[in-house]
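Chain naming here is simple, since letters A, B, ... match the order of the sequence lines and numbering starts at 1 in each. Note that the structure is predicted; figures quoted are calculated from it, not measured.
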Number of protein chains: 2
Amino acid sequence: MYFCYMLSKKTKYGIKALTYLARQKDKTPVAIATISESENISLKFLESILLTLRKNGLLGSKKGKGGGYYLLKESNEIQMTTVMRILEGPIAMVPCVSLNFYEKCDDCPDENVCAVNKLMVQVRDSSLKIFKNTTLADLCNC
Amino acid sequence: MYFCYMLSKKTKYGIKALTYLARQKDKTPVAIATISESENISLKFLESILLTLRKNGLLGSKKGKGGGYYLLKESNEIQMTTVMRILEGPIAMVPCVSLNFYEKCDDCPDENVCAVNKLMVQVRDSSLKIFKNTTLADLCNC
DNA sequence: TTAAACCCTATAGATTTAGTAGATTATTAA
DNA sequence: TTAATAATCTACTAAATCTATAGGGTTTAA
């Protein structure tokens with residue numbers, strides 16, 4: 001059985017890594033290898049994930065000995081909408097329903113009559129609400 | 001920009017075809033080609049979609065001249081949970097969160113502490129609620 | 001005889017999930 | 001000051017899987 005609109009491992013691992021960093025007491029850098037071992041994530045894959053999180057302003061990094069990654073904000077200031085948009089892309093399941101990345105369907109003459117649009121608008125709104133009201137702090141058990 | 005946990009065209013087309021059939025006054029069979037032209041869906045693709053909907057008990061079919069597909073139930077009796085599960089697969093975005101197709105993640109030692117699990121349970125519940133409370137009739141503007 | 005569903009196979013292209021190899025940078029120890 | 005070390009960063013490659021069709025032939029009923 002295939003899970004069709006499935007969460008990618010990229011996002012899954014990214015969230016796990018972020019919560020790992022959120023559980024740290026201070027903001028001293030944590031090496032990729034440390035997170036990789038603790039969370040059972042392929043090192044090189046995690047490397048690329050943390051890089052995109054850094055490039056999108058969620059993480060800071062320090063090179064060289066004693067280096068690693070650290071959160072740039074407090075964990076209760078990081079909404080899951082931000083995380084999801086960076087790692088997974090738009091929240092909407094159809095482009096014609098996306099707030100930030102709207103695209104018209106070429107097969108659909110009128111969105112206001114489209115059943116798919118009507119249904120997915122609701123799904124988008126409810127998911128968005130959850131992602132907005134949940135922060136990293138809510139997820140990291142601390 | 002890629003939509004990562006995107007709705008497949010299979011599901012999209014399937015929902016459109018179902019609402020097309022729901023809008024018919026009587027239950028006389030409608031040919032695939034008719035739906036295909038009206039909804040701008042590739043004929044052969046639609047063929048396979050309608051076939052799976054029939055095999056899963058949503059549609060009836062009639063072969064030969066004047067044949068086609070028709071709804072087996074009233075449109076207000078067809079929940080979108082059923083449609084989504086047939087076309088798209090499990091509602092959950094992660095196997096470890098699925099009600100009907102649960103699978104443990106091999107990387108995750110304890111689901112009760114897992115941030116991804118915690119978040120996705122909420123998303124599953126809210127999506128499920130929408131799909132359960134929406135029927136074909138709600139979507140077909142009639 | 002014709003029009004329709006049915007069934008099987010193949011496939012280009014995209015995406016995901018990595019793996020491999022090496023470059024660059026910063027710290028630390030000699 | 002220099003060399004070693006440890007870390008991030010960059011770029012290429014590749015297997016596996018999934019999507020969205022296309023083609024062609026068979027069966028059934030009017």
J.: Classify the nucleic acid contact of Lys12(A) as base, sugar-phosphate or nothing, counting any heavy atom under 4.0 Å across all strands shown.
T.: nothing
J.: Round to the nearest Å and state the distance from Glu47(A) atom CD to dT10(D) atom P.
T.: 10 Å
J.: Expressed in angstrom and rounded to an integer, what is the separation of Leu59(B) atom CG from dA4(C) atom P?
T.: 18 Å
J.: It should be established whether Tyr13(B) places a side-chain nitrogen or oxygen under 4.0 Å from OP1 or OP2 of nucleotide dA20(D).
T.: no
J.: Checking contacts here: which listed nucleotide (dT21(D), dC6(C), dA18(C)) is nearest the side-chain heavy atoms of Lys9(B)?
T.: dT21(D)
J.: Glu88(A) has an atom CD; how far is it from atom C1' of dT17(C), in whole Å?
T.: 13 Å
J.: Check every strand shown and say whether Lys44(A) touches a base, only sugar-phosphate, or nothing at a heavy-atom separation below 4.0 Å.
T.: base
J.: Between Arg54(A) and Lys65(A), just flag the one whose closest nucleotide in DNA chain D comes earlier from the 5' side.
T.: Lys65(A)
J.: Is the closest basic N to carboxylate O distance between Glu74(A) and Lys27(A) below 4.0 Å?
T.: yes
J.: Let me know the distance between NZ of Lys62(A) and P of dT25(C), rounded to the nearest Å.
T.: 16 Å
J.: Using a strict cut-off of less than 4.0 Å between a Lys/Arg side-chain nitrogen and an Asp/Glu carboxylate oxygen, indicate whether Glu39(A) and Lys9(A) qualify as a salt bridge.
T.: no
J.: Any non-hydrogen side-chain atom of Lys12(A) less than 4.5 Å from a side-chain atom of Asp107(B)?
T.: yes
J.: Would you say Ser61(B) places a side-chain N or O within less than 4.0 Å of OP1 or OP2 belonging to dC6(C)?
T.: yes
J.: Under 3.5 Å, is there a donor-acceptor pair between the side chain of Ser36(A) and the main chain of Ile41(A)?
T.: yes
J.: How close or far is atom C1' of dT21(D) from atom CG of Asp107(A), stated in whole angstroms?
T.: 14 Å
J.: Taking CG from Asn40(A) and C1' from dT17(C), how many angstroms apart are they, rounded to a whole number?
T.: 16 Å
J.: Select from Gly66(A) and Phe45(A) the residue whose nearest nucleotide in DNA chain C is closer to the 5' end of that strand.
T.: Phe45(A)
J.: Looking at Ile130(B), Thr134(B), Leu128(B), Thr135(B), which hits side chain to side chain contact (heavy atoms under 4.5 Å, CB included) with Thr81(B)?
T.: Leu128(B)
J.: Rounded to whole angstroms, how far apart are CD1 on Ile49(A) and P on dG19(C)?
T.: 12 Å
J.: Nearest-Å distance, CG (Leu50(B)) to C1' (dC7(C))?
T.: 15 Å
J.: Check the phosphate of dG19(C) against Ser42(A), side-chain N and O only, distance under 4.0 Å to OP1 or OP2. Yes or no?
T.: yes
